Amino acid sequence: MHDLSGNTRTGIAAVLRGERHGLRARLLFAGPAIIASVAYMDPGNYATNIQAGAGYGYTLLWVVLLANLIAMLFQALSARLGIVTGKNLAELSRDNFSKPVVLIMWVVSEIAAMATDLAEFLGGAIGLSLLFNLPLIVGMAITAIVTYGILLFEGRGFRPMELIIGAMVGVIGLCYLAEILIAPIDWQATGLGLVSPALPDHAALTIAVGIIGATVMPHAIYLHSGLTQSRAAPRDDSDRRKLVRFSNTEVVLALAVAGMVNMAMVMMAASAFHQGHSEVSEIETAYHTLTPLLGGAAAAIFLTSLIASGVSSSVVGTMAGQMIMQGFLHIRIPIWLRRLITMVPAFVVVALGVNATQALVVSQVILSIALPVPMIALIVFVARRDIMGVFTVSPLIRMLAILGAIAVLSLNFILLAGAFGVPIPFLEG
């Protein structure tokens, strides 16, 4: 297994020297964005996408597209930061900000990591419990064991983990390709939903923020810089330039797949539930309603994708949590302890009898509120010449990143205003 990662490093070095070319050479660079893309297909997306499709048909597809474009930009910038500096976002934050700021950033990021894991863990458990008719707590125990087993591969180098996660992404993608073929999709409404922004009411706004919270993930922004920081050993700026170029291509492709999976979820929910079942908002209800509407195969495929999503994103969430703690505090704890810390809230939620899908949606809102922390830090660092040198981003990219952050922050502000009963004029009536 060590050879797998060693061979990849050797191959990357050969490509950078101009000794290897072609598709197989390019595939050596695939990995970091695929792992990060899992965060964009996690069970929190299932909950918000089902609500969006069932309640509003194809109307909120533009939110999924917008969130995906913002995600592409920030993941590309995060990867660039790791390649150019050899450090991850959490480490650079610790080196450049004051102690109190670093402490606040770490606490907010830890809360976000726990909210993330709650969504991922519950999703895998719900899928297992429905597919095999198990109590939810048993589904959670199985998810815990499987994710811990996969995490053990991390000690064997980066390549085995990239291949395992890549296989799970493949499963999720194929499941949704099958769902699109089974469900009668209204393609004209799909096209309109993608290009005509509309938020019919306050509930639609809450779901829109949930979609952005479930799509642009705080831990994925931290993680991507860590996955690229020491994967290759660039000799000079020419090598770094090549690595950034390969990374940008991988980000666009991996997140395009993630975006299509999210759109497929909304389209399936719109097709199956919007007419006559618009109240469907929970994963369990969606499963039971799918069986009579689209047949047992569609329902089983839906759960298979949910299990693959829950397990893979839970693994990635734990990796990110480890990186966040190590970067901000210089503390590395055993992987089993990290797994345990992030699992506890999920077990507490289930033990208290909280509605699982509702917990998923709330966790996404927490994430969208935590998101400004890594977003703003990333924009600050990639624009600093003393950190990025010749790889400092152009004013145009910086402006796009700032606009993306403003879009997310504005939606968060509107959501909080709504939660505290502050009237929002353009949503009244």
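This chain uses plain numbering: 1 for the first residue, then up along the sequence. All values derive from a computational prediction rather than experimental measurement.
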Gap separating the CZ atom of Arg241 from the CG atom of Asp236, nearest 0.5 angstrom: 9.0 Å
Pair Arg339 + Glu120: basic N to acidic O under 4.0 Å: no
Main-chain N/O of His224 paired with Gln75 side-chain donor or acceptor, under 3.5 Å: no
Asn88 side chain to Tyr222 backbone, donor-acceptor under 3.5 Å: no
Evaluation steps, side-chain contact (heavy atoms from CB on, under 4.5 Å), between Phe328 and Glu110: CA-CA 10 Å; Phe328 279 121; Glu110 282 291 348; over 6 Å; no
Any donor-acceptor pair under 3.5 Å from Tyr56 side chain to Pro200 backbone: no
Candidate pair Trp336 and Leu151, rule side-chain contact (heavy atoms from CB on, under 4.5 Å), full reasoning: CA-CA 9 Å; Trp336 65 266; Leu151 280 163; over 6 Å; no
Arg231: partners by salt bridge (Lys or Arg N to Asp or Glu O under 4.0 Å), with sequence neighbours left out: Glu162
Tyr58 side chain near Gln188 side chain, heavy-atom distance below 4.5 Å: no
Rounded distance (nearest 0.5 Å) linking atom CD1 of Ile333 with atom CD1 of Ile341: 3.5 Å
Any side-chain donor near an acceptor of the partner, Tyr46 and Ser305, under 3.5 Å: yes
CG on Leu181 to OH on Tyr176, rounded to 0.5 Å: 13.5 Å
Test item: Leu243 and Phe29 side chains (from C-beta on) under 4.5 Å apart, heavy atoms: yes
Where Ser314 and Thr147 come nearest, the two heavy atoms and their spacing: CB-CG2, 3.7 Å
Full working for side chain to side chain donor-acceptor pair (under 3.5 Å) between Gln322 and Glu154: CA-CA 12 Å; Gln322 186 85 299; Glu154 207 185 353; 5.9 Å; no
Nearest atoms (heavy-atom pairs only) where His274 meets Gly55: CE1-O, 3.3 Å
Sub-4.5 Å side-chain heavy-atom contact between Val169 and Ser37: yes
Under 3.5 Å: donor-acceptor pair, side chain of Lys87, backbone of Leu92: no
Non-hydrogen side-chain atoms of Ser271 and Asp186 separated by less than 4.5 Å: no
Trace of the side-chain contact (heavy atoms from CB on, under 4.5 Å) decision for Met263 with Leu194: CA-CA 9 Å; Met263 286 173 199; Leu194 283 171; 3.9 Å; yes
Glu179 side-chain N/O to Ala264 backbone N/O, donor-acceptor pair under 3.5 Å: no
Which residues share a salt bridge (Lys or Arg N to Asp or Glu O under 4.0 Å) with Asp237, sequence neighbours left out: Arg240
Asn262 side-chain N/O to Asn45 backbone N/O, donor-acceptor pair under 3.5 Å: no
For the student: nearest non-hydrogen atoms of Ile221 and Pro374, plus distance: CG2-CB, 4.0 Å
Intermediate values then yes/no, side-chain contact (heavy atoms from CB on, under 4.5 Å), Val266 and Leu60: CA-CA 8 Å; Val266 176; Leu60 297 180; 5.7 Å; no
Taking every non-hydrogen atom, the tightest pair across Gly310 and Ser313: O-OG, 3.5 Å
Side-chain (Thr48) to main-chain (Ile207) donor-acceptor, under 3.5 angstrom: no
Side-chain (Arg80) to main-chain (Phe391) donor-acceptor, under 3.5 angstrom: yes
Minimum heavy-atom distance between Gln326 and Arg94, given as atom pair plus value: O-NH1, 3.8 Å
Derivation of the side chain to side chain donor-acceptor pair (under 3.5 Å) call for Asn96 and Arg384: CA-CA 11 Å; Asn96 288 279; Arg384 274 180 56 176; 3.3 Å; yes
Min side-chain heavy-atom separation Ile164-Val315 under 4.5 Å: no
Exceeds 12 heavy-atom contacts within 6.0 angstrom, atom CZ of Arg235: yes
Flag side-chain contact, heavy atom, 4.5 Å: Val393 against Met388: no
Heavy-atom donor-acceptor pair, Ser78 side chain to Phe74 backbone, under 3.5 Å: no
Leu255 CG to Ile34 CD1 distance, which is reported to the nearest 0.5 Å: 10.5 Å
Asp42 side, atom CG; Asp117 side, atom CG - distance, nearest 0.5 Å: 10.0 Å
Minimum side-chain heavy-atom gap Leu77-Ile379 below 4.5 Å: no
Taking every non-hydrogen atom, the tightest pair across Met268 and Ile185: N-CD1, 4.2 Å
Side chain to side chain, Ser312 and Ile172, heavy atoms closer than 4.5 Å: yes
Contact list for residues 82-102, test ring-ring contact (aromatic ring centres under 6.0 Å, His included), sequence neighbours left out: Phe97-Phe381
Atom pair CG (Leu81) and OG (Ser225), whose distance is rounded to the nearest 0.5 Å: 6.0 Å
